[in-house]
Amino acid sequence: MIKKLFVCCFLAVSLGIWGKSGNTTVVISLDGCRWDYPMWYDTPMFDFMAEHGLSSGLIPSFPSKTFPNHYTLATGLYPDHHGIVANSFLDTESGEVFSLSNREQKFDPIYYGGEPIWITAKRQGIRTAVFYWPGSDVPIQGQHPDIYYNYDDKPRLSLKKRIEGILAQLSRPVEERPQLIMAYLEQPDAHGHDYGPQSKLTRQKVLLVDSLIGHLYRRLCHHHLNKSVNLVVLSDHGMAWVDSTHAVKVSHLLKSEWVRDIVGEIPACIYANPGYTDSIYLALKDIPHARVWRKNEVPSYLHYGTSPRIGDVVVLPDIGYVVYEKKFQSGGTHGYDPNLQEMHAMFRAIGPDIPHRSIPHFPNVCIYNYLCRLLGIEPAPNDGEDIEFLIE
Ligand code: AMP
Ligand code: ZN
Ligand code: ZN
């Protein structure tokens with residue numbers, strides 16, 4: 001009998017028919033919200049979530065930048081595997097440079113591998129509404145979320161309007177209501193860059209996003225939706241201070257005929273002309289304040305070395321440094337080794353299917369599986385590990 005029950009449970013889990021609770025999942029990403037901001041600043045809502053729900057920190061995927069990590073959160077794949085290997089990169093096959101400001105490339109689905117959760121959900125009959133999550137306005141596999149907004153359409157919805165938008169979706173009649181709602185907020189990343197993680201102005205933005213989430217949760221409670229909504233609030237990476245004197249310069253060590261292109265600054269990806277990878281590597285391998293690898297020698301824990309979009313030589317500056325040739329202002333930045341605590345991101349969750357506990361920081365490739373579990377749907381193949389530790 002016990003054996004039979006075990007087999008049934010096993011089948012139920014593997015077929016994804018267990019856990020279809022009918023509850024709604026709301027996921028909000030606060031760009032650049034360091035995991036320890038709630039320890040530094042007054043964040044009553046994040047503290048409430050920690051007390052009554054699940055709290056942790058997320059270890060970003062490498063590089064700890066916005067686009068690669070949001071797309072990792074959405075797909076459960078490392079950037080090396082989903083193809084958005086940086087905010088900007090050279091696609092060596094087409095010769096095109098992908099960048100956030102290059103509309104033509106950014107909206108081309110060719111760059112976006114894997115299956116974002118809004119497609120996984122839609123395929124399994126779940127309605128989705130997504131406010132500006134990176135990739136959601138791109139016709140990946142020819143599809144968009146049921147409701148989505150184009151990031152390049154101006155004026156963009158304010159942060160408050162996005163929260164109001166979530167509430168408006170939740171107030172729709174049950175048959176029209178999305179069961180997965182996702183939203184992306186630019187703060188506190190923007191102020192973190194301009195003023196550094198420990199500035200008053202960044203603190204104000206942390207307080208602002210905390211109060212927006214607090215407003216959302218109070219409205220949920222008012223309408224008794226807190227009993228049927230699992231609210232997940234997370235971030236893509238942390239933030240570290242960089243002094244304007246901390247530039248790592250590489251150009252003067254390289255001959256122009258060796259280099260096809262240099263893209264990015266944390267890390268810098270150097271694309272070699274044929275036959276010059278070793279020349280570049282040997283010229284740079286001992287530079288101070290950076291680690292330098294040939295692409296196939298990037299340490300395995302970074303999961304970064306197979307995509308043709310990664311440079312032949314990868315230069316990763318030490319925390320507090322950037323690979324940059326021109327003058328720049330001191331401020332905050334990120335992109336560094338995900339193992340550094342300064343790069344870890346906040347994670348909070350609260351709701352009917354979420355346990356009350358605090359758990360050790362875990363890799364953000366696990367989030368996709370977790371969201372699928374909350375929605376009761378079958379995940380597509382991904383890099384996420386076992387998520388039992390997230391579940392009661
Ligand atoms: P990062 O340089 O990694 O801090 O990138 C953060 C920037 O990404 C923010 O300034 C956002 O404006 C920008 N961003 C976020 N989502 C998108 C998008 N869908 N399209 C273009 N830029 C975006
Ligand atoms: Zn970011
Ligand atoms: Zn940023």
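Counting starts at 1 for both ligands and their atoms, in listed order.
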Would you mind checking if Lys295 and Asp312 are paired as a salt bridge, meaning a charged N to carboxylate O distance below 4.0 Å?
-> no
Which N/O/S atom belongs to Asp236 and is the closest one to the Zn ion (ligand 2)?
-> OD2
Restricting to N/O/S, name the atom of Asp189 that gets closest to the Zn ion (ligand 3).
->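 This residue's closest N, O or S atom turns out to be OD1.
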Can you tell if the side chain of Asp194 reaches within under 4.5 Å of the side chain of Gln329, non-hydrogen atoms only?
-> no
Beyond-backbone contact of Arg373 with Glu388, side-chain heavy atoms, under 4.5 angstrom |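 They are in side-chain contact.
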Side chain to side chain donor-acceptor pair (under 3.5 Å) partner of His344, chosen from His237, His361, Arg34 = His361
Give a yes or no on whether His237 keeps an N, O or S atom under 2.8 Å from the Zn ion (ligand 2).
->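 So His237 counts as coordinating the Zn ion (ligand 2), yes.
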Does Arg309 reach the main-chain N or O of Tyr111 with its side chain, forming a donor-acceptor pair under 3.5 Å?
-> yes
Kindly print each ligand 1 N/O atom paired with any protein N/O atom under 3.5 angstrom away, one pair per line, or none if nothing qualifies.
residue: ligand 1; atom: 2 (O); partner: Asn87; partner atom: ND2; Å: 3.2
residue: ligand 1; atom: 3 (O); partner: Thr66; partner atom: N; Å: 3.0
residue: ligand 1; atom: 3 (O); partner: Thr66; partner atom: OG1; Å: 2.6
residue: ligand 1; atom: 3 (O); partner: Asn87; partner atom: ND2; Å: 2.8
residue: ligand 1; atom: 4 (O); partner: Thr66; partner atom: OG1; Å: 3.4
residue: ligand 1; atom: 4 (O); partner: Asp189; partner atom: OD2; Å: 3.1
residue: ligand 1; atom: 4 (O); partner: His193; partner atom: NE2; Å: 3.0
residue: ligand 1; atom: 4 (O); partner: His334; partner atom: NE2; Å: 3.0
residue: ligand 1; atom: 5 (O); partner: Thr66; partner atom: OG1; Å: 3.0
residue: ligand 1; atom: 12 (O); partner: Tyr151; partner atom: OH; Å: 2.7
residue: ligand 1; atom: 20 (N); partner: Lys106; partner atom: NZ; Å: 2.6

Ile163 side, atom CD1; Leu185 side, atom CG - distance, nearest 0.5 Å |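 With rounding to 0.5 Å, CD1 (Ile163) is 5.5 Å from CG (Leu185).
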How open is the angle at the Zn ion (ligand 2) from atom OG1 of Thr66 over to atom OD1 of Asp31, rounded to 10 degrees?
-> 120°
Between Tyr271 and Arg260, is there a cation-pi geometry (under 6.0 Å to ring centre, at most 45° from the normal)?
->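 Geometry flag: not set, cation outside 6.0 Å or 45°.
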For the ring pair Phe46 and Tyr37, is the centre-to-centre distance below 6.0 Å?
->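 So the answer is no for these two rings.
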